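Since this is a predicted model, take the numbers as computed values, not measurements. Counting from 1, the numbers follow the sequence of the chain as shown.
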Amino acid sequence: MKKVAAAIIKDRDQLLIAKRHANDPLAGKWEFPGGKLEPGETPEECLVREIREELRIEIEIGSFYDDTVYGSKDQAIHLLFYWAEVMNGEVKPVVHDDVKWITIKELTRFDFAPADIPIVKRLEREYI
């Protein structure tokens with residue numbers, strides 16, 4: 001099973017979401033940014049690396065929030081979601097078509113990737 005880490009990047013009352021690139025299998029879907037763990041890498045190390053590569057910002061990883069498993073047993077992905085904050089830089093999407101800072105109340109306006117939907121629903125339940 002592949003392990004993927006995702007960052008719920010928070011700035012005051014807003015969260016950063018990213019729109020998957022037009023050439024991706026889930027093109028046009030929104031997600032919490034992150035990526036696959038490399039061998040020997042912790043989820044926190046993965047997020048720092050992936051967010052630097054994908055968004056050109058430095059983040060500080062906070063607490064673990066939740067996890068989900070998505071996909072069939074042959075190609076299942078275990079997603080680990082962590083809170084994070086921007087420490088340095090301006091967000092510049094490198095591999096995404098768009099990024100947005102939104103409030104938790106606005107989450108329902110966006111078409112999220114299936115693996116992110118359980119986290120979106122939990123955020124809505126807990127913070128609205």
Side-chain angles (χ1 to χ4, degrees):
M1 182 179 318
K2 288 183 191 169
K3 282 201 175 196
V4 174
I8 306 170
I9 302 171
K10 187 173 184 192
D11 184 15
R12 291 181 288 281
D13 68 339
Q14 295 193 312
L15 304 178
L16 183 70
I17 61 171
K19 188 176 187 182
R20 293 185 67 108
H21 190 272
N23 295 335
D24 281 355
L26 294 171
K29 299 279 187 185
W30 291 87
E31 66 181 0
F32 295 106
K36 294 181 204 103
L37 274 72
E38 298 289 337
E41 190 175 50
T42 68
E44 295 89 346
E45 291 167 339
C46 170
L47 283 174
V48 168
R49 176 184 54 76
E50 287 281 351
I51 299 304
R52 183 183 306 126
E53 291 171 3
E54 294 183 359
L55 299 173
R56 300 293 189 240
I57 56 174
E58 298 296 324
I59 60 171
E60 180 175 51
I61 307 302
S63 61
F64 173 78
Y65 181 63
D66 205 348
D67 67 335
T68 63
V69 175
Y70 178 75
S72 63
K73 68 177 179 177
D74 294 351
Q75 296 189 355
I77 297 171
H78 184 200
L79 284 102
L80 306 160
F81 293 84
Y82 289 80
W83 290 104
E85 290 183 31
V86 177
M87 300 310 291
N88 193 21
E90 299 254 344
V91 177
K92 294 180 187 109
V94 175
V95 299
H96 294 93
D97 280 348
D98 197 7
V99 293
K100 290 192 182 303
W101 286 101
I102 64 167
T103 65
I104 290 175
K105 288 181 181 177
E106 294 173 305
L107 285 169
T108 57
R109 297 183 192 170
F110 295 87
D111 184 17
F112 275 86
D116 288 60
I117 291 173
I119 302 307
V120 167
K121 289 181 177 179
R122 180 176 171 197
L123 287 165
E124 291 172 328
R125 271 194 322 270
E126 292 181 354
Y127 295 99
I128 295 182

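- E126 CD: more than 12 foreign heavy atoms inside a 6.0 Å radius.
- One distance of note links SG of C46 with NZ of K36; it measures 10.0 Å at 0.5 Å rounding.
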Decide side chain to side chain contact (heavy atoms under 4.5 Å, CB included) for I9 and I51; before the verdict, give the C-alpha distance in whole Å, the side-chain angles of both, and the deciding distance to 0.1 Å.
CA-CA 10 Å; I9 302 171; I51 299 304; 4.3 Å; yes

Run the side chain to side chain contact (heavy atoms under 4.5 Å, CB included) check on L107 and E124 step by step: do they pass?
CA-CA 8 Å; L107 285 169; E124 291 172 328; 4.0 Å; yes

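- Between A5 and L37, the shortest heavy-atom distance links the atoms N-CD1, 3.7 Å.
- E31 has a carboxylate O that lies under 4.0 Å from a charged side-chain N of R20, or vice versa, which qualifies the two as a salt bridge.
- For G34 against E50, the heavy-atom pair with the smallest separation is O-OE1, 3.7 Å.
- For K29 and D111, the salt-bridge test passes: some basic side-chain N is under 4.0 Å from an acidic carboxylate O.
- Aromatic pair F32/F112: centroids less than 6.0 angstrom apart.
- Side chain of D98 to main chain of K19: no donor-acceptor pair is present (N/O by atom type, distance under 3.5 Å, no hydrogens or angles).
- For E53, the CD atom is densely surrounded, since the number of other residues' heavy atoms within 6.0 Å is greater than 12.
- The residue from R122, K121, R125 that alone fulfils the salt bridge (charged side-chain N to carboxylate O under 4.0 Å, His left out) condition with D66 is R122.
- Between the CZ atom in R12 and the CD atom in E85 there is a gap of 10.5 Å [rounded to 0.5 Å].
- Nearest heavy atom pair, residue P118 against residue T68, reads CB-CG2, 3.8 Å.
- Hydrophobic clustering (ILVMFWY, side-chain heavy atoms < 4.5 Å, transitive): Y82 and I57 are in one cluster.
- No path of Ile, Leu, Val, Met, Phe, Trp and Tyr side chains, each step under 4.5 Å between heavy atoms, connects F110 with L26, placing them in separate hydrophobic clusters.
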Please evaluate residues I102 and I17 with respect to the criterion side chain to side chain contact (heavy atoms under 4.5 Å, CB included), reporting the C-alpha separation (whole Å), side-chain torsions for both, the decisive distance (0.1 Å), and the verdict.
CA-CA 8 Å; I102 64 167; I17 61 171; 3.6 Å; yes

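- Note on W30 and Y70: same hydrophobic cluster, where clusters join Ile, Leu, Val, Met, Phe, Trp and Tyr whose side-chain heavy atoms are under 4.5 Å apart, directly or indirectly.
- For H96 against A18, the heavy-atom pair with the smallest separation is CD2-CB, 3.3 Å.
- Taking the six-membered ring where the residue is Trp, Y65 and Y127 present tilted rings, their angle falling between 30° and 60°.
- Note on E58 versus R52: salt bridge recorded, some NZ/NE/NH1/NH2 to OD/OE distance being below 4.0 Å.
- Hydrophobic clustering places I59 together with L16 (ILVMFWY residues linked when any side-chain heavy atoms are closer than 4.5 Å, directly or through intermediates).
- If you chain together hydrophobic residues whose side chains sit under 4.5 Å apart, V86 and V99 fall into the same group.
- Side-chain contact of E106 with T103: a donor-acceptor pair under 3.5 Å is present, judged by distance alone.
- E45 has no carboxylate O lying under 4.0 Å from a charged side-chain N of R49, or vice versa, which leaves the two without a salt bridge.
- The line from CH2 of W101 to NZ of K10 is 11.0 Å long, rounded to the nearest 0.5 Å.
- Considering every non-hydrogen atom in both I61 and A84, the closest pair reads CD1-CB, 4.3 Å.
- Minimum heavy-atom separation, V95 to H21: O-CB, 3.3 Å.
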